[in-house]
Each structure stands twice: as C-alpha cells, then as structure tokens.
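Side-chain atoms are counted along with the backbone in the values below, which use heavy atoms only and exclude waters and symmetry mates.
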Amino acid sequence: MSNVRERLTDALYGLAWTTVRKLPESVAVRLGRTIADVTWKQRGKGVQRLESNYARVVPGASPERLAELSRAGMRSYLRYWMESFRLPAWSEERIRRGVEVQDVHRITEGLAAGKGVVLALPHLGNWDLAGAWVTTKLEIPFTTVAERLKPETLYDRFVAYREGLGMEVLPHNGGSAFGTLARRLRDGGLVCLVADRDLSASGVEVDFFGEKTRMPAGPALLAQQTGALLLPAALWFDETPVMKGRVHPPIAVPESGTRQEKTSVMTQALADAFAMGIADHPEDWHMLQRLWLADLDPAGAPENRDPARASGKETP
C-alpha cells in the first residue's frame, strides 16, 4: 500500500505540473481558492493542525477567529501551490514583476562587499517564487537544500523544478551538504534556507511565541564558520498578484561564548525575526505540521491549545 500511495502521489504532482501551468492565471486562482475552501470545510488533519499552530501565534483568539485564519491560511497555501505549478511557464518579465521586496539592498550590498550571505526565512508566502525572483530579477544564483521526499521520483521532480528556476539544490540529508554550502559562502555566494522547522531532531531549542521548539543550527553555524551575513527574511501575500517581502537586518555573531552558546543566541534571534513576520501575516504561514515540543511530545501538550485533541480527533 505504501508503494501504491507513493506512486499515486508522484503521478498527481506530475499531472498538476503539466496541467495547471496551462491554465489562464485567473482560472488557476479560482481553482486554487475552490480547492482550499473545500479542503477547509472537510476539517482534515492538516487544517486542524494549522488552526492549532495559529492558536500560539494569535493567543486568546476565539474559535471563530481561528476558523477565519485557517480558511485564509488554506487559501494562501493553495495560492502557493497554484503559483508553483505555473512558475515554469511564467515569463521572465512575469517573475520580475511578481515580487516586491523591502530592503533587498542588504543582500546585494553584502554580496558586493565580498561576503557570502545566508538568507533564512520561515514557511511564509511562496519561497519558490522568491527564489525565481532572486535568480531572474537580481540575477544572483544561489544554493539551497531540499528535504528528501518519497518516492524518490517525487524528490527528483522537485529538484528538477527548482533547478529549472535557477537554484542549485542539495539533498537535506546528504553528509556533504553543509560543506558545500560553506564553500559557496566562502566564495562570496548566496545560500537560501527555509529554517523555521528542524528536520534533524537535533536542532537548537528556542522560545517561539512563548513556547519551546527547535530550529536548525545550520544558518548560525554557517555564518560563524564562513563570516557570511545572516539575514532573516519574511514573505507575504496581499490582495494583489504581487507577493511582498522584507529583508531584516543581519544577525551578528556574539563576540564571546562557545560555538554552542553563540549558535543558541543567533538561532533565538532568528526565531524572533521569524515570529515578527509570522505575527504580522499569520495566514501566510504554511505550517501544517507539529512544531512545538509540547505537540511533538503529546503527553506534554496543553489540551486547551489543540482544538483537534480536545475534540478527540487525531492530528498529524
């Protein structure tokens, strides 16, 4: 059954990439919104988890407010997918005018000074579109990592898709990934990392919206070891077709402390910057998985924070 499910998933993604890209943009927008609303009404595990996560981001929100947020969140999430399926067919001009980023000079000036730059962002907005904009509008190549997906053919699809947008993609679980990223930075290059969720189970513990979670140590370690700038960023949607973004000031490497202590301080600063962007645009944070330690350890999860658990339903 597992193999059948994996093959079906791969086939559905392949169908979406070949079909959705051919749709007129207005039709794709309506289709994405329709799928989002139907999915939201079904109250599946992903929607329940999204709502539970929003309860941390918007403390004290009523059930009605959380429902509004989760509906907007699913629409934002489907906008991400509809745009991503269509991106390979977008013209360079469409990509250039599809994104507006405040304080992008922090990236360009850092690179012009001969320093590498680590651009770290949460699962906000459409990070693939942002990457295509960086390679097309700014004409800056960059390196990133991708989580290993099953089946392998699906992972290969995502790698080919992102490489087609001008990115160099390394496997997340590859032992040589960190070394390759460090070399790119020492050569004065750009590395972009989605860094609000630890996939290794050995990340740095941080305080995030008043509770503990773990985030990857990689961005802080890379900045320490290579002298690269560490820049947090945020992305969000509004009612226009143009995605918005902001690059925050660099996170400094502490002058004293062990490597572990410096990494902890820097990762907490990164988490604080992420929280700022997420709090401003919670509906564009596509976190449909467990994130906080209390949820990763269900025995310690506060019952009143998880609408799904309170109703006796399982969450992913």
Ion pair check, Asp284 and Lys244, cut-off under 4.0 Å: no
ILVMFWY network linking Trp81 to Trp90, side-chain heavy atoms under 4.5 angstrom: yes
Residue pairs involving residues 118-144 (criterion salt bridge (Lys or Arg N to Asp or Glu O under 4.0 Å); sequence neighbours excluded): Asp128-Arg162
Salt bridge Arg65-Glu68, side-chain N to carboxylate O under 4.0 Å: yes
Inter-residue atom distance Leu129.CG - Leu235.CG, 0.5 Å rounding: 8.5 Å
Within residues 243-282 or reaching into it, pairs that qualify as ring-ring contact (aromatic ring centres under 6.0 Å, His included) - sequence neighbours excluded: Trp236-His281
Side chain to side chain, Val47 and Gln42, heavy atoms closer than 4.5 Å: no
Plane angle bin for Tyr80 and Tyr77 - parallel if under 30°, tilted between 30 and 60°, otherwise perpendicular: parallel
Within-4.5 Å side-chain heavy-atom neighbours: Arg43 and Glu51: yes
Inter- and intrachain pairs under salt bridge (Lys or Arg N to Asp or Glu O under 4.0 Å), touching residues 182-191, at least two apart: Glu168-Arg184
Check: Trp292 side chain, Phe208 main-chain N or O, donor-acceptor pair, under 3.5 Å: yes
Validation row: Gln225, Arg259 side chains within 4.5 angstrom (heavy atoms): yes
Under 3.5 Å donor-acceptor, Gln268 side chain and Asp207 backbone: yes
Donor-acceptor under 3.5 Å (Ser76 side chain, Ala72 main chain): no
Within 6.0 Å of CZ in Arg96, more than 12 heavy atoms from elsewhere: yes
Donor-acceptor under 3.5 Å (Tyr54 side chain, Pro282 main chain): yes
Any donor-acceptor N/O pair, Thr144 side chain to Cys192 backbone, under 3.5 Å: yes
Check: Arg86 side chain, Leu23 main-chain N or O, donor-acceptor pair, under 3.5 Å: yes
Any donor-acceptor N or O pair under 3.5 Å, side chains Asp196, Trp285: yes
Thr267 side-chain N/O to Val206 backbone N/O, donor-acceptor pair under 3.5 Å: no
